[in-house]
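Have a look at the structure below, then the notes.
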Amino acid sequence: MWLYLVALVGLCYLLRWYCERQVVSHLPDKFVFITGCDSGFGSLLARQLDMRGLRVLAACLTEEQAKELRAQTSDRLETVTLDVTKTESITAAAEWVKERVGDRGLWGLVNNAGIAQASTPNEWLTKQDFVDILNVNLLGVIEVTLSLLPLVRKARGRVVNVSSVMGRVSLFGGGYCISKYGVEAFSDSLRRELSYFGVKVAVIEPGFFNTSITNSERLVRSFQEKWDRLSLEVKQIYGEKFLASYMERLVVRKPLFSQDLSLVTNCMEHALTACHPRTRYSAGWDAKLLYLPMSYLPTFLVDAWMYWRSLGPAKAL
């Protein structure tokens, strides 16, 4: 009995392995639009797809970064400046994309642009702190997608949204986890709606990687700024040791972040070029072995783990 079960599971994995290695045809004729190409995953993906021969349309926040990217790629790659928090910028970029893809439509849309902030307790933050990060990480993703959806549908193409393991399990306060949970929900509904038109939607859920978003020096400064503006009452509740513990943890964890960004961009590339892409991609061993399993654990176990690894407030009960 067990032998038959093992054989069946092995056959399923073999079939999956074969299907996932089938590549779509005519890649040099396909256009892919990527947001957040100034650095990190976006920049690497743009260069990676350019080497594969795809027609890359890369969106950068600044012209300086766009110029630097063009210098590292072939003449096929084109750039545009884009601020995903501004409707007029998104509208202009969508028209720019439409002019280039023409009747062929847009094969791939990669919503990669994102920001992070210090993961302080929610009580330390203002509404504007949440608005700032949601405007980029969630509302920007939604508006860019809606603006380019007709072009993607015309090509029966792909939408690839970059979420995070923090879209699976919320381990800290602030708007980052909220925004990534939102990306997950938006992607799920979008996938079901667009399946009627032959469009596939994939979500990338990276673990912790060493990028500008996870820069510990910047996050430490942000954390200190949030602390400095707190009332005396809240400072006394949490205490200086809580602040110091968090600062130390940021510095200690930095060497643990993966340096290999291709673990993420390879998932993005597969989602764009495979005949049978996955619905979700967990990128990084911490995502696969820690955070993904954690998202299925009972809540009390995850809470207990969090309490064990973190220093509580000075006036905790």
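Just so you know, these numbers use all the heavy atoms, side chains as well, and skip hydrogens, waters and symmetry mates. Note that the structure is a prediction, hence the values are computed from the model and not measured.
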Minimum heavy-atom distance between A283 and V264, given as atom pair plus value: CB-CG2, 3.7 Å

Contacts of type side chain to side chain donor-acceptor pair (under 3.5 Å), residue N122, not counting sequence neighbours: none

Salt bridge flag under 4.0 Å for residues R280 and E184: yes

Contacts of type side chain to side chain donor-acceptor pair (under 3.5 Å), residue Q224, not counting sequence neighbours: D228

Donor on one side chain, acceptor on other, K235 and S231, under 3.5 Å: no

Step-by-step side-chain contact (heavy atoms from CB on, under 4.5 Å) determination, E205 to Y291: CA-CA 10 Å; E205 299 171 336; Y291 297 110; over 6 Å; no

Test item: side-chain donor near acceptor, T73 and D50, under 3.5 Å: no

Reference residue S187; test side-chain hydrogen bond (donor to acceptor under 3.5 Å, both in side chains); the match among N161, T279, T145: N161

Side chain T91, main chain T87, donor-acceptor under 3.5 Å: yes

D129 side chain vs T126 backbone, donor-acceptor pair below 3.5 Å: yes

Heavy-atom closest contact (A93 atom, L82 atom, distance): CB-CD1, 3.9 Å

Y238: ring pair (Phe, Tyr, Trp, His ring centres under 6.0 Å) partners, not counting sequence neighbours: W124, F242

Shortest non-hydrogen contact from A58 toward L69: CB-CD2, 3.6 Å

Euclidean distance, M166 CE relative to S295 OG, rounded to 0.5 Å: 10.0 Å

Residues that R55 engages under side chain to side chain donor-acceptor pair (under 3.5 Å), provided they are two or more places apart: none

Test of ring centre spacing under 6.0 Å for F209 and F257: no

Criterion ring-ring contact (aromatic ring centres under 6.0 Å, His included) on Y181 and Y176, from CA distance to verdict: CA-CA 9 Å; Y181 268 75; Y176 187 80; over 10 Å; no

Any donor-acceptor pair under 3.5 Å from K288 side chain to S282 backbone: yes

Verdict with supporting geometry, V165 and D286, side-chain contact (heavy atoms from CB on, under 4.5 Å): CA-CA 9 Å; V165 290; D286 57 340; 5.8 Å; no

Heavy atoms from other residues, nucleotides or ligands near NZ of K86 exceed 12 (cutoff 6.0 Å): no

Non-hydrogen side-chain atoms of W227 and E240 separated by less than 4.5 Å: yes

Which donor-acceptor pairs under 3.5 Å do the side chains of residues 146-159 make with protein atoms, sequence neighbours left out?
unit_1 : atom_1 : unit_2 : atom_2 : d
S147   : OG     : E143   : O      : 2.8
R158   : NH1    : A271   : O      : 2.9
R158   : NH1    : A274   : O      : 2.8
R158   : NH2    : A274   : O      : 2.8

Polar side chain donor-acceptor pair, D260 to S258, under 3.5 angstrom: no

Test log, rule side-chain contact (heavy atoms from CB on, under 4.5 Å), inputs L61 and T81: CA-CA 5 Å; L61 184 60; T81 55; over 6 Å; no

K200 side chain to V160 backbone, donor-acceptor under 3.5 Å: no

Heavy-atom check, side chain of L243 versus side chain of F223, under 4.5 Å: yes

Heavy-atom pair of closest approach, residues V84 and A113: CG1-CB, 4.3 Å

Min side-chain heavy-atom separation F33-V110 under 4.5 Å: no

Heavy-atom pair with the smallest gap, counting every atom of P313 and I237: CB-O, 3.6 Å

Q65 backbone acceptor or donor facing T62 side chain under 3.5 Å: yes

Crowding at CH2, W285 (>12 non-hydrogen neighbours, <6.0 Å): no

Backbone of G40 reached by a side-chain donor or acceptor of S43 within 3.5 Å: no

Within 6.0 Å of CE in M306, more than 12 heavy atoms from elsewhere: yes

Carboxylate-amine/guanidinium contact E63 R70, below 4.0 Å: yes

Main-chain N/O of L272 paired to W107 side chain as donor or acceptor, under 3.5 Å: yes

Separation between CZ of R52 and CD of E269, rounded to the nearest 0.5 Å: 4.5 Å

K98 atom NZ: more than 12 heavy-atom contacts under 6.0 Å: no

Validation row, ring centre Y307 to ring centre F300 under 6.0 Å: no

Under the side chain to side chain donor-acceptor pair (under 3.5 Å) test, residues paired with N112 that sit two or more places apart: none

